[in-house]
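Heads up, the thing below is written out as C-alpha cells.
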Amino acid sequence: MSKEKPSIPKGTRDFGPQVVVKRNYIFSTIRKTFEKFGYQPLETPAMENLSVLTGKYGEEGDQLIFKILNSGDYLTKTTATDYEAGSKNLLRKISEKALRYDLTVPFARFVVMNRNEISFPFKRYQIQPVWRADRPQRGRYREFYQCDADVVGTRSLLCEAEIVLMMDEVLSNLGITDFTIKINHRGILAGIAEAIGQKGREAEICVAIDKLDKIGLEGVQKELLERGITAESISALEPILNIAGDNTSILNALTEILKDSEEGQRGLSQIQEVFAYLKNFQIKNANVSLDIALARGLSYYTGCIFEVKVNNANMGSISGGGRYDNLTGMFGLPDVSGVGFSFGVDRIYDVMEELNLFPASGQTITKLLIINFDKASEQYSLPLLQQFRQGNIATELYPEAAKLKKQMTYADQKKIPFVLLVGSEEMQTGILQLKNMQTGEQQALRAEEIISILQQQ
RNA sequence: GUGGUUGUAGCUCAGUCGGUUAGAGCACCAGAUUGUGAUUCUGGGGGUCGUGGGUUCGAGCCCCAUCUUCCACCCCA
C-alpha cells in the first residue's frame, strides 16, 4: 500500500463551501444582469475537436491549449516516421480533442452548426470553465471560469453601449465602485499606424503600445525600435501617445491626426456613436475612458475593444471584450458580425476579497439549528423540522445528542444565525427557546412565531 | 516556453556557523461548566522539515534532481 500524498494539478483549485457560496454570489449577480439585457444561456462541451480550436488564438495560443490524448493504445496508429517528424506532426496522430480555451470560439462553432435554427441577432451568455496550459501567477490559473455575453448578427453599436452598461451594472452590484472601462477601436489603432507611415504594421505597434502603462513611453519606443519601426515613425507616434484629457479632447485631437485614414475615420465615428448612445443612459460607477494605448491581444477583434481595470486593486483586467467581424468565417459562415465580452470570475473574486466586499449576511446557508438533547427531544423536533422547512427556512436538526457545547460550536462555525433549544420544559409547554447567536439573546416563542420571525430575516 | 523565487504543525511563521530531544501564535481536542457557542483559565494531541538522491561523524540548514508556490518576461480573465 503506497501512502501517496494526494495533490491537484498546478494552477487548479478546490473550492470549499465558504468559497463556493461567495463565488455563486458573483455568478448569480452576473447571470441576473445578462438575462435582464435579453441574453439567453448556452452551454458547450468541456472538450472540442482539436481542429476547431487550433489556429484561432495565434501560434502562442495554440501552445496553451490542453490537448487530450486519444483513448486506447494511441501508439499503434503511429509509425517511427511520425515520431521522427517531430511533436507537431505526432500530435495530430495521438490527439484529436482538446479542452476549450475560451468560450467565444465554441460559441462561433455553435452558431455555424445551428445557423438555421437561430434567429438573428442572437444574444447568448455562457458561464463555464476554460483551461489554459499557462504558467500560473497571481490572478492566473490553468482552470478558470469565464462569463461571456455575445451578440451576433448585427452591426449596431447599441450592443457596444449595452456592454458598457452591463459591465457597470454587474460591478456596481457587486460593490466595486472605483473602476475604469477602457474603450478603444481597432480602426483607430490602424489609423495611427497609417498616420505614422507604418500602414499594415499595427499588430506589432499595438503589442508595444499596449504596454504603455507598464513600461512607459521610453520602454515602448525601445520596443518599437527593436521591432524594426523607423525612428521617424516612432517620433511621429510620441505626440499621439501623449494626448491627454477627457474623451472629447482626445477625440478632437484624433480627428486631426487621423483625417487621412479611412480606417481611422471609421474607428472614430463608431466610438463617437457609442458615446452618443451612452449619453442616453445613466452610468452608476464606471469611469468610461477612451484609451488609445488599449490594444488587447486577441487578433480576431476588428472594431471596438474594451477592458475593465479596478483602480484600487492589484489585479489585471477583470473583464474585456470587443467586436469581431469574421469569427464564424473560420467555420465557413462569412459576414456575421458579433460583439461580446467576458467577466473573469476568479479575478473578480480575488479583487472582492482584497477589498473586503463580500456581504457577511450572504454567507450563511442554514438559518436555524435545532439542538438535539436526547432521544425524546429528537423525536419531538422531527415534525418541527419539517414545519420550519415548509416555511422555507433552511433548518437542520443536529443528528445526534452530542454535548450542548459541541452543538453550539457547530452552529457558531457554520455561521448559523439562530439556534432552537427544545428540552424537557419546552416539550411540556410548547414554548421554545430561540437563541440569536450574534447577540446571544434568547426568546421564548411558539413555533409559528419563530417561523414568521425567521421569514423576515 | 524563458529567467528567478518559495516550501518547517490544520494556518501564519521563527529556527544562529551544519551539532545532540525542531519552536511560537492562532486553530483543534479535553476539562473548569450534567441546559448554552463566540470571551477567560488549565491541560492535551499533533512534524518522514515538499519529495527523491548526494556530501558529512552528524543535514531543517550545504549540493543535484523533481514537484509546488509566488514573481518578471511571453501572453492573458
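The sequence lines fix the lettering, A, B, ..., with proteins before strands; numbering per chain opens at 1.
Contact check on A:Arg446 versus A:Glu449 returns no salt bridge, with no Lys/Arg side-chain nitrogen under 4.0 Å from an Asp/Glu carboxylate oxygen. The pair A:Asp213-A:Lys182 meets the salt-bridge criterion, with a side-chain N (NZ, NE, NH1 or NH2) lying under 4.0 Å from an Asp/Glu carboxylate O. Using a cutoff of 4.0 Å between basic side-chain nitrogens and carboxylate oxygens, A:Arg155 and A:Asp325 are scored as salt-bridged. At a threshold of 4.0 Å, the pair A:Asp102-A:Lys56 does not count as salt-bridged, since none of the basic side-chain nitrogens sits closer than that to a carboxylate oxygen.
Using a 5.5 Å limit on the distance between ring centres and a 30° limit on the angle between planes, the aromatic ring of A:Tyr145 does not count as stacked on the six-membered base ring of B:rA77.
Closest to the side chain of A:Arg138, out of B:rG35, B:rC71, B:rA77, is B:rC71. Residue A:Lys10 has its side chain nearest to B:rU68 when only B:rC70, B:rU68, B:rU36 are considered. In this structure, the nucleotide among B:rG35, B:rC76, B:rC74 sitting nearest to the side chain of A:Phe373 is B:rG35. Distance from the side chain of A:Arg135 is smallest to B:rG1 among B:rG1, B:rG35, B:rG37. With B:rG35, B:rU68, B:rU36 as the choices, the nucleotide that has an atom nearest any side-chain atom of A:Met408 turns out to be B:rU36. Closest approach to the A:Lys403 side chain among B:rC74, B:rA30, B:rG35 is made by B:rA30 (side chain taken as heavy atoms from C-beta onward). With B:rG35, B:rG37, B:rA77 as the candidates, the nucleotide lying closest to the side chain of A:Asp412 is B:rG37. Of all nucleotides listed (B:rC76, B:rC73, B:rG35), B:rC73 comes nearest to the side chain of A:Gln137. The nucleotide whose nearest atom lies closest to any side-chain atom of A:Arg132 is, among B:rC76, B:rC28, B:rU36, B:rC76. Considering only side-chain atoms of A:Lys214, the nucleotide from B:rC74, B:rA77, B:rC73 that sits closest is B:rC73.
Between the C1' atoms of B:rC13 and B:rG47, the separation comes to 15 Å (whole Å). The gap from the P atom of B:rG52 to that of B:rU36 amounts to 49 Å, rounded to the nearest Å. Nucleotides B:rC29 and B:rC67 have their P atoms positioned 38 Å apart, rounded to a whole Å. Rounded to whole Å, the C1' atom of B:rU56 lies 16 Å from the corresponding atom of B:rU20. Taking the P atom of each, B:rU69 and B:rG1 are spaced 14 Å apart, rounded to whole Å. Between B:rG35 and B:rC49, the distance separating the two P atoms is 46 Å to the nearest Å. Of the C1' atoms belonging to B:rC74 and B:rG10, the separation is 37 Å, rounded to the nearest Å. Going from the C1' atom of B:rU8 to that of B:rG60 covers 7 Å, rounded to whole Å.
No engagement by A:Gly321 is indicated, since no non-hydrogen atom pair under 4.0 Å with the nucleic acid exists. Within 4.0 Å (heavy atoms only), A:Val345 reaches no atom of the nucleic acid at all.
For A:Gln438 against B:rG37, no side-chain N or O and base N or O form a donor-acceptor pair under 3.5 Å. Interface remark: the A:Gln433 side chain does not form any donor-acceptor pair with the B:rU36 base, using a distance-only criterion of under 3.5 Å. Residue A:Lys435 places a side-chain atom within donor-acceptor reach of the base of B:rU36, judged by atom type and a 3.5 Å distance cut-off alone.
Across all strands shown, B:rA72 forms a Watson-Crick or G-U wobble pair with B:rU2, both key distances being under 3.5 Å. If you check B:rG60 for Watson-Crick or wobble pairing at under 3.5 angstrom, you find it has no partner at all. Checking B:rA30 for Watson-Crick or G-U wobble geometry (two distances, each under 3.5 Å) identifies B:rU42 as its partner.
The aromatic rings of A:Tyr125 and A:Phe34 are tilted relative to each other, their planes meeting at an angle between 30° and 60°. Taking the six-membered ring for Trp and thresholds of 30 and 60 degrees, A:Tyr57 and A:Tyr101 have ring planes inclined between 30 and 60 degrees apart.
Rounded to whole angstrom, the span from the CD atom of A:Glu223 across to the C1' atom of B:rC74 amounts to 10 Å.
Residues A:Lys211 and A:Glu425 both approach RNA chain B. Their nearest nucleotides, taken by heavy-atom distance, put A:Glu425 toward the 5′ side. Across the interface with RNA chain B, nearest-nucleotide mapping of A:Ala133 and A:Ser424 shows A:Ala133 to be the residue nearer the 5′ end.
In this structure a side-chain-to-backbone donor-acceptor pair under 3.5 Å is missing from A:Asn436 to A:Glu441.
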